[in-house]
Protein chains: 2
Amino acid sequence: MIKLGKLTDYAIAVMGQLVHEAADSPAHDKEGAMSSSAHYLASRTGIPEPTIAKVLKMLAKGGLVTSMRGAAGGYRLAKPADQISIGEIIAVMDGPIAIVGCVEEDKEHCNMWETCPTKENWGRVNDAIKSALDGVKLQDMLSTPACGNVPDFTKDVDADCA
Amino acid sequence: MIKLGKLTDYAIAVMGQLVHEAADSPAHDKEGAMSSSAHYLASRTGIPEPTIAKVLKMLAKGGLVTSMRGAAGGYRLAKPADQISIGEIIAVMDGPIAIVGCVEEDKEHCNMWETCPTKENWGRVNDAIKSALDGVKLQDMLSTPACGNVPDFTKDVDADCA
DNA sequence: TAGAAACAGGACTTTTTTAGTACGATAAAG
DNA sequence: CTTTATCGTACTAAAAAAGTCCTGTTTCTA
């Protein structure tokens, strides 16, 4: 089954939680908006802390969240939730969206790139998938922190998942 | 990187080869069209025989090729190449196309299926991807047996790959 | 200024998935 | 009845993903 990695599911769950946090923040919309620590987010989402820390680091490196170090540091969304697409999140977590390995970036591994007539078709397929994923925004995925992915440990997480 | 398994690439290559074989067949279009053995297809595509055998078995079970046993047996396409979509092939080789595990089939593993508001969105995404893949037919991928996937052993395979 | 809280980065281990192989059984042709 | 094939399944090995941990750096607070 063509599917996303678990870390990607976690990422969407975590970012969803960050949306909640931003909305609840008193300094909402302001520059000095609150940030949430990995520890806190772990407790809210039920995802184990070491794992969620890894996910957050990846998201930070990908520019989807901004981080602040030191005590009282943490993470917050880099952009409003309706400007972050699912496609972006997947790209950061799973790498570029390309259904086949035979893609522009590593054409040197393909001994017949120049003459291969199928690459345009794969390109069209990839583009179609990409726009499908870019059309759905994080905002659309909201209301619940960890649905759509499934780990069992979400069970005891929270009640606003409905 | 979201990508297909190698076996799926092989499958497309093999089915492409079967298209060639059917076209070259004297009994082309007839009921008694020739069939190609796994051994022969392996030699034509450069894919190792045990592996290609496995692929063909999967394709046969999925109904994309028909098989005939016994001496002079082998495989042939179950449908014309322009009626076989890439999506079908992927579905047979990699299972149903569903970008998340949280899909109708195994909703019992999700403890909040009923109330989860994101499943419809994932459904839309899945559908978009599915139609992108169903829109491309095997016919469109033709002209060369093993391009678009890349294994190095395609190098010494054949000359009509251009 | 010392200590605590928190992220950064990387190395490491474990688990899961995928790929590849092998073998005994069955079926058809000559 | 021998040869050429597929069928089904089980097994092994290799690759990828997930998860964990440690060491260092930054920043706030007391």
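In what follows, chains carry the letters A, B, and so on, assigned in the order in which the sequence lines appear, proteins first and then strands, with residues in each chain numbered from 1.
Between the side chain of A:R69 and the base of D:dT27 there is no donor-acceptor pair of N/O atoms closer than 3.5 Å.
Counting non-hydrogen atoms under 4.0 angstrom, A:L56 reaches nothing in the nucleic acid. Residue contacts shown for B:K6 are limited to sugar-phosphate atoms, with no base heavy atom under 4.0 Å away. No engagement by A:K61 is indicated, since no non-hydrogen atom pair under 4.0 Å with the nucleic acid exists. Note on B:A53: nothing from the nucleic acid sits closer than 4.0 angstrom, heavy atoms only.
Every residue meeting the salt bridge (charged side-chain N to carboxylate O under 4.0 Å, His left out) condition with B:K130, not counting sequence neighbours, appears here in chain and number order: B:D134.
Distance from the side chain of B:A71 is smallest to D:dT3 among D:dT3, D:dG19, C:dT21.
Note that CD of B:E49 and NZ of B:K54 are 15.0 Å apart. Values are rounded to the nearest 0.5 Å. For the atom pair CD1 (A:I89) and CE (A:M141), the distance works out to 9.0 Å, reported to the nearest 0.5 Å.
Here A:K137 does not pair with A:E88 in a salt bridge; the nearest charged N to carboxylate O distance is not below 4.0 Å.
The environment of A:K79 atom NZ is dense: over 12 non-hydrogen atoms of other residues, nucleotides or ligands sit within 6.0 angstrom.
The shortest side-chain heavy-atom distance between A:M15 and A:Y10 does not fall under the 4.5 Å cut-off. Considering only heavy atoms from C-beta on, B:S36 comes within 4.5 Å of B:L18 through its side chain.
Distance CG (A:L59) to C1' (C:dG9): 16 Å, rounded to an integer number of Å. Rounding to whole angstrom units, NZ of residue B:K54 and P of D:dT12 are separated by 14 Å. The nearest whole Å value for the distance from the OH atom in A:Y75 to the C1' atom in C:dA8 is 8 Å. Rounded to whole angstrom, the span from the CG atom of A:L7 across to the C1' atom of C:dT16 amounts to 13 Å. One interatomic measurement links the two molecules: CG of A:L4 to P of D:dA18, which rounds to 10 Å at whole-angstrom precision. Between the CG atom of B:D9 and the C1' atom of C:dT18 there is a distance of 13 Å, rounded to whole Å.
Of the residues near DNA chain D, A:K57 and B:A72, the one whose nearest nucleotide (by heavy atom distance) lies more toward the 5' end is B:A72. Of the residues near DNA chain D, B:E49 and A:G5, the one whose nearest nucleotide (by heavy atom distance) lies more toward the 5' end is B:E49.
At its two ends the helix from C:dT1-D:dA30 to C:dG30-D:dC1 runs along axes set 10° apart, each axis drawn from five pairs and the angle rounded to 10°.
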